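A short write-up of the structure that comes next.
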Protein chains: 2
Amino acid sequence: MNTESWLAQLQSTGCRLTGARRAVVEVMESSDRALTPVEVFDAARQRDPRLGLVTVYRTLEKLEQLGLIQRVHQSRDCQAFLKAGIGHQHLLLCERCGRAVLFDGDDLEALFSRVGEQTGFAIKSHWLQLYGLCRECQTK
Amino acid sequence: MNTESWLAQLQSTGCRLTGARRAVVEVMESSDRALTPVEVFDAARQRDPRLGLVTVYRTLEKLEQLGLIQRVHQSRDCQAFLKAGIGHQHLLLCERCGRAVLFDGDDLEALFSRVGEQTGFAIKSHWLQLYGLCRECQTK
DNA sequence: GCCTTTATTGAAAATGATTTTCAATTACAG
DNA sequence: CTGTAATTGAAAATCATTTTCAATAAAGGC
Ligand SMILES: [Mn+2]
Ligand SMILES: [Mn+2]
Ligand SMILES: [Zn+2]
Ligand SMILES: [Zn+2]
């Protein structure tokens, strides 16, 4: 259960440990797909029925600041959140069920230097996402 | 002046040619950076002071459907629009001034097959954006 | 040019997501 | 256990976008 580690990190930055935060953390930490604030709200409310949507927004903001979750941009929903990986990674998303997988080890240096030369830009960072169908969704 | 070509395309799909559309087209066609609907509104209003923001939204939607402009997602603004290139291309954005450059000729096939094998996903499409500083912004 | 038809327009209202305000509650240091 | 300051949820405010609607004007036929 990684949940305790997330809660410990929250606590170490001066946050108090509440039922509302625990519920949101449990939902985010155990989800393998990006969730919108309302989806987090619906899931977390089952653990803490008093929970308000406002608190979900506030907790997501805190978790993002701590680098425990990341914002996921998609053509439709740009406000969904997913647990973050460690270090530089990229996302692979299932177009059907939304499942998300992180991967690393891209080698784009050659591309960067070519584009840098052609355009005169100094390239600082990049953003790569792959879309497809996960194993389960391929057979349905 | 490519503006006329955009207007002709609009007309060929049954649209009427109005001052409002002409203003929005001129702004989008001549901008080298992504603009939000309000930015388009402010710029286009100088050509057609009567212009309403609603019409900007409606015209941007039409231009996007025709493939003349594309939506640009960034960490902050996910609702900005930029003229589209031809065929499969990627974006390079200046982090300072917002200038946008399209480029093509990425070779990511090796990466796709490796990630596909490791994850079991069938990879269908991808999304790549580079960020950096344009030549002008490097020297300031 | 002058009608007629019908798409287009902008103002205002409606919607939906997010943020702010605020008084009541509660975690937790002492 | 107590005092205090952080946290909470409800309600109100804000902001971007969409819908509604009556007035306007583009384009085609004359
Ligand atoms: Mn990378
Ligand atoms: Mn590509
Ligand atoms: Zn799937
Ligand atoms: Zn620049």
Side-chain angles (χ1 to χ4, degrees), chain A residues 3-4 6-28 34-66 69 71-81, chain B residues 3-4 6-28 34-66 69 71-81:
Chain A
T3 303
E4 296 311 319
W6 286 34
L7 292 171
Q9 284 204 56
L10 273 175
Q11 233 174 355
S12 76
T13 60
C15 286
R16 290 182 181 175
L17 227 160
T18 68
R21 279 174 180 160
R22 197 181 292 273
V24 171
V25 164
E26 282 173 5
V27 167
M28 289 311 299
L35 301 173
T36 63
V38 171
E39 287 173 330
V40 176
F41 178 55
D42 289 338
R45 201 158 34 160
Q46 304 197 351
R47 297 161 191 267
D48 181 351
R50 292 191 182 181
L51 183 65
L53 179 56
V54 199
T55 300
V56 172
Y57 275 99
R58 290 191 275 227
T59 306
L60 290 175
E61 191 183 358
K62 281 236 159 71
L63 294 175
E64 191 188 16
Q65 283 167 359
L66 285 172
I69 63 175
R71 212 173 279 263
V72 173
H73 299 256
Q74 286 185 269
S75 55
R76 288 204 33 220
D77 239 320
C78 282
Q79 294 296 81
F81 292 88
Chain B
T3 303
E4 296 310 318
W6 286 35
L7 292 172
Q9 283 204 57
L10 273 174
Q11 234 175 352
S12 76
T13 61
C15 285
R16 289 180 183 176
L17 228 159
T18 68
R21 280 175 181 159
R22 195 181 294 273
V24 172
V25 164
E26 281 172 5
V27 167
M28 289 310 301
L35 301 173
T36 63
V38 171
E39 287 172 329
V40 175
F41 178 55
D42 289 338
R45 202 159 33 161
Q46 304 197 351
R47 297 161 191 267
D48 181 351
R50 294 192 181 180
L51 183 64
L53 179 57
V54 200
T55 299
V56 173
Y57 276 99
R58 290 191 275 228
T59 306
L60 289 175
E61 191 183 356
K62 280 236 159 69
L63 294 175
E64 192 188 16
Q65 284 166 359
L66 284 172
I69 63 174
R71 210 174 281 263
V72 174
H73 299 256
Q74 285 185 268
S75 55
R76 290 204 32 221
D77 242 319
C78 282
Q79 294 294 80
F81 292 87

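Proteins get letters first, then strands, A, B, ... in listed order; numbering begins at 1 in each. What you see is a predicted model, and the numbers here were worked out from it, not measured in a lab.
Taking atom CG on A:D77 and atom C1' on C:dG16, their separation rounds to 13 Å, with Å as the unit. For the pair A:L10 CG and C:dC28 C1', the computed distance is 16 Å after rounding to whole Å. Nucleotide D:dA16 holds its P atom 12 Å from the CG atom of B:D42, rounded to whole Å. Rounded to an integer number of Å, the gap from A:R22 CZ to D:dT7 P is 15 Å. A:L63 places its CG atom 13 Å from the P atom of D:dT7, with the value rounded to the nearest Å. When the P atom of C:dT19 is taken as reference, atom CG of A:L60 falls 10 Å away, rounded to whole Å. A:E64 has its CD atom 11 Å from the P atom of C:dT19, to the nearest Å. Going from atom CZ of A:F41 over to atom P of D:dA10 covers 8 Å, rounded to whole Å.
Judged as a salt bridge (charged side-chain N to carboxylate O under 4.0 Å, His left out), the pairs with a partner in residues 43-56 of chain A (not counting sequence neighbours) are, in order, A:E26-A:R47, A:D42-A:R45.
Nearest heavy-atom pair across B:L66 and B:L10 is CD1-CD2, 3.6 Å. B:R22 and B:L7 get closest at one heavy-atom pair: NH1-CD1, 3.5 Å. Shown here for A:R71 and A:C78, the closest heavy-atom pair between the two residues is CG-O, 3.9 Å. Listed here is the closest heavy atom pair of B:L51 and B:F41: O-CE1, 3.3 Å.
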Along nucleotides 18-30 of chain D, 5' to 3', which nucleotides get a B, which get an S, and which get a -, given that the test is a protein heavy-atom distance under 4.0 Å?
BBB----BBS---
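Side chain of B:R21 to main chain of B:R16: a donor-acceptor pair is present (N/O by atom type, distance under 3.5 Å, no hydrogens or angles).
For C:dT9, one of the phosphate oxygens OP1 or OP2 lies less than 4.0 angstrom from a side-chain nitrogen or oxygen of B:R21.
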